[in-house]
2 protein chains.
Amino acid sequence: MCDPGSVQSRTPKLTAKGRATRERIVAGAAAEFRARGVVATTLDDICRATATSKSQLFHYFPDGREQLLHAVAQHEADRVLLDQEPFLSDLTSWAAWDAWRDAVVARYREQGTSCPLGVLTTSLTRSTPASQEVTARLLEQWQRKITDGIVAMREQGAIAADVEPEQTGAALLAGIQGGVSILMQTGRLTHLEAALDVGIAALRG
Amino acid sequence: MCDPGSVQSRTPKLTAKGRATRERIVAGAAAEFRARGVVATTLDDICRATATSKSQLFHYFPDGREQLLHAVAQHEADRVLLDQEPFLSDLTSWAAWDAWRDAVVARYREQGTSCPLGVLTTSLTRSTPASQEVTARLLEQWQRKITDGIVAMREQGAIAADVEPEQTGAALLAGIQGGVSILMQTGRLTHLEAALDVGIAALRG
DNA sequence: CGCCTTCTGGACCCCCTGGTCCATTCGGGC
DNA sequence: GCCCGAATGGACCAGGGGGTCCAGAAGGCG
């Protein structure tokens, strides 16, 4: 899923230690971005937060800030989906849908305004086309999983046959996305909850 | 609605010419932000685009970039709602709802990826707390208008009595917000359309 | 053990950007 | 026409930020 090294320019061979350092930088940068925002975070901040030096940073990310941004985007995108498992991949009963809904709400309640998805959609995506692509792919995968769930339920007869999986899935994803966005701006969870509840209720018919 | 001069520090008295220049700067900056993004746009860019000098910029916005950002945020927030009129303020029949839906979709189709709301929610809001407040207030007003429409329809009996205006309005707003957000990242309008269509269909019951 | 590559530290550079200053022009009221 | 505050031009400054370099430590492998 991560596919490291495909887009980013060839990095030198990494030993175990090197890989660990690289990972530490990405994770630390991600945390820093979440906490202070992408624009406000400087490379020196990241060095300080991860106990590394600039030379290490450029050793692992020869293309500099942009490449690091991309790596962090991928890291955060992975996390967004992982955080919804195992529910998201198994939406085959109403109980599973409810559990998924609760997991999403709980996750966003606890992380509040500092969340991977928020960082992706607000800042990272606008920084570089490469990161935008990462976000686009994330959304695609996400919607696919929701749509799969709708199809499964429809085959069971639990969802009416006239419900369009693609369209309804798209609407639900948009609701979540918007709910998170509003959470980022107001600190209130109500819209995310409303979007999920209304969206799933609509599926129930 | 604009309430100029309340939050921003006192600007010197403005003549007609002064007011025009100030407005030109705000509008030009807004356009620049939409086109190139907030982070990528420098004060010099804005000067160039608006045919002004830095001294003018700081003459009208003594607090510098931050104050300008705030003014632009207000400017863009106003535009978001204005763009949906006269439909948004008169959601009292299904025809009105449909017209509103079409207006929103048309607006976002034409402006594509360079839209006021997008700029607000992605970059402006994160730049300064003052701008965040502007966005929060925008969302509040927006939802209020949607909720008013739902209430009106319910009183007519066109919408079932068990529909919660607040919750359903929140979900609809979240859908739009998310639809626009996804539009910004993928260039596709499908999610915005889906959110509106599914949301309004849910109201129809 | 010895060698070569990877890894790390930290000093250094340069440009860009927000912000300042002052001198000049403009323009409206009397 | 005079005068004073508003409006404008443009040179200038300081700091911070991304990015470079080289020397030395560390660590795998024959």
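In what follows, chains are A, B, ... by sequence order, proteins preceding strands, each numbered from 1.
- For the pair Arg24(B) CZ and dT8(D) C1', the interatomic distance rounds to 11 Å; values are reported in whole Å.
- Between the CG atom of Leu57(B) and the P atom of dG19(C) there is a distance of 10 Å, rounded to whole Å.
- A straight line from CZ of Arg65(B) to C1' of dG19(C) spans 12 Å, rounded to a whole angstrom.
- Between the CZ atom of Phe61(A) and the P atom of dG18(D) there is a distance of 15 Å, rounded to whole Å.
- OP1 and OP2 of dT5(C) both lie 4.0 Å or more from every side-chain N or O belonging to Thr15(A).
- Atom NE2 in His59(B) sits roughly 16 Å away from atom P in dC26(C) (whole-Å rounding).
- For the helix from dC1(C)-dG30(D) to dC30(C)-dG1(D), the terminal axes (five pairs an end, C1' atoms, rotation from four pairs onto the next four) enclose an angle of 20°, given to 10 degrees.
- When side chains are defined from C-beta on, Glu76(B) does not count as touching Val80(B), because their heavy atoms never get closer than 4.5 Å.
- No more than 12 heavy atoms of other residues, nucleotides or ligands lie within 6.0 Å of CZ in Arg144(A), so this atom counts as exposed by the packing criterion.
- Using a 4.0 Å cut-off, no side-chain N or O of Tyr60(A) falls inside it from OP1 or OP2 of dT6(C).
- For Arg48(A), the side chain to side chain donor-acceptor pair (under 3.5 Å) partners two or more places apart in sequence, or in a different chain, are Asp45(A).
- Classified by interplanar angle (parallel below 30°, tilted 30° to 60°, perpendicular above 60°), the ring pair Trp97(A)/Trp100(A) is perpendicular.
- The nearest whole Å value for the distance from the NZ atom in Lys17(B) to the P atom in dT25(C) is 13 Å.
- Near-neighbour residues of DNA chain D inside residues 31-55 of chain A, defined by a heavy atom below 4.0 Å, number-ordered: Thr42(A), Leu43(A), Lys54(A), Ser55(A).
- Rounded to a whole Å, the CG atom of Leu68(A) is 10 Å from the P atom of dG19(D).
- Atom CZ of Arg188(A) is surrounded by 12 or fewer heavy atoms from other residues, nucleotides or ligands within 6.0 Å.
- Between the Arg154(A) side chain and the Val163(A) main chain, a donor and an acceptor come within less than 3.5 Å of each other.
- For the residue pair Glu32(A) / Thr41(A), no side-chain donor-acceptor distance below 3.5 Å is found, with atom types taken as modelled.
- Checked by atom type, the side-chain pair Gln177(A)/Trp142(A) shows no donor-acceptor distance below 3.5 Å.
- Between Phe58(A) atom CZ and dT20(D) atom P the separation is 6 Å, expressed in whole Å.
- Taking the side chain as every heavy atom from C-beta outward, Arg22(A) and His59(A) never approach each other to under 4.5 Å.
- In this structure, Gln56(A) reaches the dT8(C) phosphate: one of its side-chain N or O atoms is under 4.0 Å from OP1 or OP2.
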